[in-house]
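Working notes, structure below.
Numbered from 1 within each chain, the chains take letters A, B, ... in sequence-line order. Excluded from the calculations below are hydrogen atoms, water molecules and symmetry mates; all remaining heavy atoms, backbone and side chain alike, are included.
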Amino acid sequence: MSEIVVNAVSKTWGGVGGVDRISFKADAGTLLVLLGPSGCGKSTTLRLIAGLEEVDSGTITIGGRDVTHLSPAQRNISMVFQSYALFPHLNVAENIIFGLRVRGVGRAERDTRLKKVADIVGLSNLLERKPSQLSGGQRQRVALGRAIIAEAPVCLMDEPLSNLDAKLRHEMRTEIRSLQQRLGMTMVYVTHDQTEAMTMADRVILMRDGHIEQNGAPHELYNEPASDFTARFIGTPPMNIISWQDDAVLGVRPEHVALVESDGIPATVKAVEYLGADSIVLCDVKGETVSVRQSGYCALPTGSQVALGWQNRHIHLFDRNSGKRRADSALNR
Amino acid sequence: MVSAVMSAAEPKAARRRDWLTNVNAWLLLLPAIVLLAAFTHYPILSTLYHSFFSLSRGGEADFVGLENYTYMLEDDVFWQVLRNNIVFALATVPTSIALALLMAVWVDKKIAGRSFLRLAFFTPTVLPMIAVANIWLFFYTPDYGLLDQFLKGLGFSGHNWLGDPSTVMSCLAVMVVWKEAGFFMIFYLAALQTIPPELKEAAEVEGAGRWYFFRRVTLPLLMPTTLFISINALINSFKLVDQLVIMTKGGPNNASSLLLYYIYEVAFTFQDTAFAATLTVTLITILAGVALTKFVYLDRRIHYQ
Ligand SMILES: Nc1ncnc2c1ncn2[C@@H]1O[C@H](COP(=O)(O)OP(=O)(O)O)[C@@H](O)[C@H]1O
Ligand SMILES: [Mg+2]
C-alpha cells in the first residue's frame with residue numbers, strides 16, 4: 001500500500017548540516033518515529049519526504065511511486081507542523097477544510113467531512129473560533145484535523161507535541177497513536193523525546209549528526225542498543241556506561257543494578273531521586289556515576305557506602321573508540 | 001483601638017499614592033499636551049471661530065453665521081479644486097498601493113541584488129517633494145524634456161504636458177505615485193516578513209498554488225497594513241501640495257489645483273483669511289471623516305493578529 005522508502009538520500013547546505021546517505025523504510029499503516037537530539041537531521045528527513053526540500057541525491061518512493069522530484073501536493077501526504085501553521089485569519093472550520101477548498105471539493109461533501117473530523121478531534125463546538133482564541137491543545141487538534149480530513153494515506157508530523165504541557169502531551173500522544181491505527185495511516189513522526197518515541201512507535205529510527213544510528217522496534221533499541229550513543233539516549237534514566245577493560249566500556253540499565261550485601265563494587269551514594277513507584281539512587285563509582293533503580297521509597301542517606309552488583313546476562317559491551325556494540329556482549333558469562 | 005487607627009490610615013496612604021501617580025503621569029504628558037494644544041488644538045478652534053466672521057482688514061470682524069459657507073458652496077473654484085482633489089486621490093491611492101504591494105512581494109523573495117532593489121525602490125521616499133518636483137519638471141518640459149525627447153525619437157511631436165488641462169493631472173499623479181509607492185512598500189515588506197513561512201509550506205502541502213495562497217492567505221493577512229496605508233495615502237493626497245508650487249501653481253486655469261493649494265492661495269495671495277478659515281474647516285472635516293471611517297467602521301472588519 002503506502003509504504004515509504006527512503007533510499008540513500010543526502011541533503012546538505014553547502015556541505016554542512018542536513019542528512020548523509022540515509023536509507024530506511026516505513027511499512028504501510030505503521031508509525032515510524034524519527035528520534036534524535038536537536039540538529040541531527042530529523043526535520044530535514046521529514047521535509048525531504050514531504051517535498052519541502054529537494055534531495056541532493058537518492059530516491060524517495062511512496063506507495064511504490066517515485067516521488068523524488070514531485071511537488072508536496074503531488075505526493076498525496078498530509079503534514080502537521082511544530083508551530084501548527086494555522087491560518088490566523090480563518091476560523092477553525094475554514095482552517096480544517098482549507099485543503100478541500102483548494103482541491104475544489106463540493107460544499108455538501110466538505111460539510112459532511114468537516115463534521116466527521118470535528119467529532120474525531122473533539123472541536124465540534126469551537127468551529128467558529130479563530131486560532132488566537134484557542135488553547136495550545138485545541139490548536140494542536142485543529143492542525144490534526146486539517147491533516148486527517150484529506151484522508152491522505154501518509155501523515156508526517158514534526159514535533160507536534162513539543163509546545164504542550166506534560167499532561168496534555170501524554171493525552172495527545174495516546175490520541176494520535178489510536179487515530180493513526182484507526183485510520184490505517186502510514187505515519188512518520190519526528191520527536192526528540194525518547195519517551196514519546198518508545199510509547200508510540202512501531203519502529204524507531206535514532207539519528208545522530210545526519211546519519212542513522214539505529215533502526216529497530218522500541219524494545220530492540222532498549223534491549224540491544226547498537227552503540228553506546230543509543231544506550232545513553234534511550235531510557236529514563238539512561239543506561240549506565242562505565243569503563244571496563246582497556247578497549248571497551250560496559251553498559252548496564254539502572255533496573256539491573258542491585259545494592260548487594262557482599263562481593264559488590266564499592267560505591268558512595270550521591271543523591272536519591274524519589275519518583276513515587278521507585279527511587280533512583282545516584283552512586284559514585286571511582287569518579288563515574290551509576291544510577292540504581294530501587295522500587296518504592298529508598299531512605300539511603302547521602303554519603304553512605306554501598307556495594308553494587310549485577311548479573312552478567314544484563315551487561316552490554318561497547319567498543320571504546322567506535323562506540324559500537326560488541327558481538328559477544330550480553331552473552332559473555 | 002490600634003487596629004482602628006491603622007485601617008483609617010491605610011486608605012489615606014493609598015489615596016495619596018494614587019494621587020502622586022496621577023500627578024506624575026500628567027507631568028510626563030505635559031510637554032506633549034502643551035505642544036499639541038498650542039499648535040494643533042488651539043489653531044483648529046480658532047480657525048473654526050474665524051470661519052463664522054467676516055473679513056476684518058484692520059476694523060472689527062462681524063459675526064456672519066454661515067455666510068462664509070454659503071459663499072463657499074457658490075464658489076466654482078472651490079468645486080473644481082474639490083473635484084480635482086477627489087480625482088487625484090482616486091488616481092494615486094489605489095495605484096500607489098498596488099505598486100507598493102507588487103514591489104514588496106518582489107523584493108521579499110530570495111533573489112540576487114535584493115537589498116539593492118529595496119534601496120532603489122525606497123530612494124524616491126527619501127527625496128524632498130520639492131526636489132522630486134524639480135526633477136519631474138525637467139521630464140515634462142516641452143521639447144527639451146526627457147519625455148518629449150524620447151517621444152521625438154519615436155517620431156511623435158512635442159507636447160506641453162503641464163500646460164494642457166487634459167494631461168496635467170495625469171502627469172502629477174504619475175509623479176506622486178512614483179514618490180509614494182516606495183514608502184508604502186516598506187510597510188508591506190515589514191508585514192510580509194511577519195507571516196510565518198510555515199503557512200506557505202502548509203498551503204503547499206494542501207496543494208495551494210502561489211496565486212491561491214496570495215489571494216486567500218497573504219492578502220487577508222496584509223489587510224491591516226493595506227488599511228493603514230490607504231488612510232495615509234488618502235490623507236497625503238489632501239495634504240501634499242508642494243509639487244504644485246514648483247510645477248504648475250495650480251494652473252492652467254485651476255486644472256491642477258488641489259484644496260490645500262487653493263487655501264494657501266486664498267490666505268496668502270488673496271489675503272482673504274476668513275474664507276481661508278472656512279475652506280480649512282471643510283478640509284479638516286474631510287480628513288476627520290476619513291480617520292473616523294477607519295477607527296469606527298473598517299477596524300471591525302479586519303483581522304488583526
Ligand atoms: N534551511 C537550512 N539551511 C541551512 N542549514 C540547515 C537548514 N535546515 C537545516 N539545516 C541544518 O541541518 C541540520 C539538521 O537540521 P534539522 O533537520 O532541522 O534538525 P532537527 O533534528 O533538530 O530537526 C542542522 O545542523 C541545521 O543547522
Ligand atoms: Mg526539527
Geometric class of the A:F98/B:Y212 ring pair [parallel <30°, tilted 30-60°, perpendicular >60°]
perpendicular
For A:S71, is it the side chain, the backbone, both, or neither that has a heavy atom closer than 4.5 Å to a heavy atom of chain B?
neither
Picking from A:R101, A:M79, A:Q82, A:R75, which has the most non-hydrogen pairs under 4.5 angstrom with chain B?
A:R101
Could you walk me through whether A:T68 and A:D66 pass side-chain hydrogen bond (donor to acceptor under 3.5 Å, both in side chains), step by step?
CA-CA 6 Å; A:T68 316; A:D66 187 346; 2.5 Å; yes
Is there a side-chain contact between B:F88 and B:V176 (heavy atoms, below 4.5 Å)?
yes
Checking heavy atoms, do the side chain of A:L86, its backbone, both or neither come under 4.5 Å from chain B?
backbone
Counting neighbours of CZ on B:F183 that are heavy atoms of other residues, nucleotides or ligands and sit closer than 6.0 Å, is the number greater than 12?
no
Count the heavy-atom pairs under 4.5 Å between each of B:E201, B:E198, B:R216, B:E204 and chain A, then report the option with the highest count.
B:E201
Could you please state which residues from residues 140-151 of chain A sit under 4.5 angstrom from chain B, measuring non-hydrogen atom to non-hydrogen atom, sorted by number, or 'none'?
A:R146
Taking side chain as everything from C-beta outward and backbone as N, CA, C, O, which of these in A:I77 sits under 4.5 Å from a heavy atom of chain B? Side chain, backbone, both or neither.
both
Side-chain donor-acceptor distances from residues 9-20 of chain A under 3.5 Å, at least two apart:
{"residue": "A:S10", "atom": "OG", "partner": "A:R21", "partner atom": "N", "Å": "2.9"}
{"residue": "A:K11", "atom": "NZ", "partner": "A:E54", "partner atom": "O", "Å": "3.1"}
{"residue": "A:T12", "atom": "OG1", "partner": "A:G15", "partner atom": "N", "Å": "3.4"}

Could you list the residues that satisfy salt bridge (charged side-chain N to carboxylate O under 4.0 Å, His left out) with B:K239, not counting sequence neighbours?
none
Parallel, tilted or perpendicular, judged at 30° and 60°: which one describes the rings of B:F214 and B:W211?
parallel
Report the C-alpha separation of B:T226 and B:Y188 in whole Å, then their side-chain angles, then the decisive distance to 0.1 Å, and conclude whether the side-chain hydrogen bond (donor to acceptor under 3.5 Å, both in side chains) test is met.
CA-CA 8 Å; B:T226 305; B:Y188 272 131; 2.8 Å; yes
Would you check if the side chain of B:Q193 reaches a backbone N or O of B:A190 as a donor-acceptor pair within less than 3.5 Å?
no
Answer yes or no: is there a side-chain heavy-atom contact under 4.5 Å between A:V33 and A:I205?
no
Proximity of residues 102-114 of chain A to chain B, residues having a non-hydrogen atom under 4.5 angstrom
A:V102, A:R103
Do the side chains of B:Y261 and B:V81 get nearer than 4.5 Å, heavy atoms only?
no
Side-chain donor-acceptor pair present, A:T191, A:E159, cut-off under 3.5 Å
no
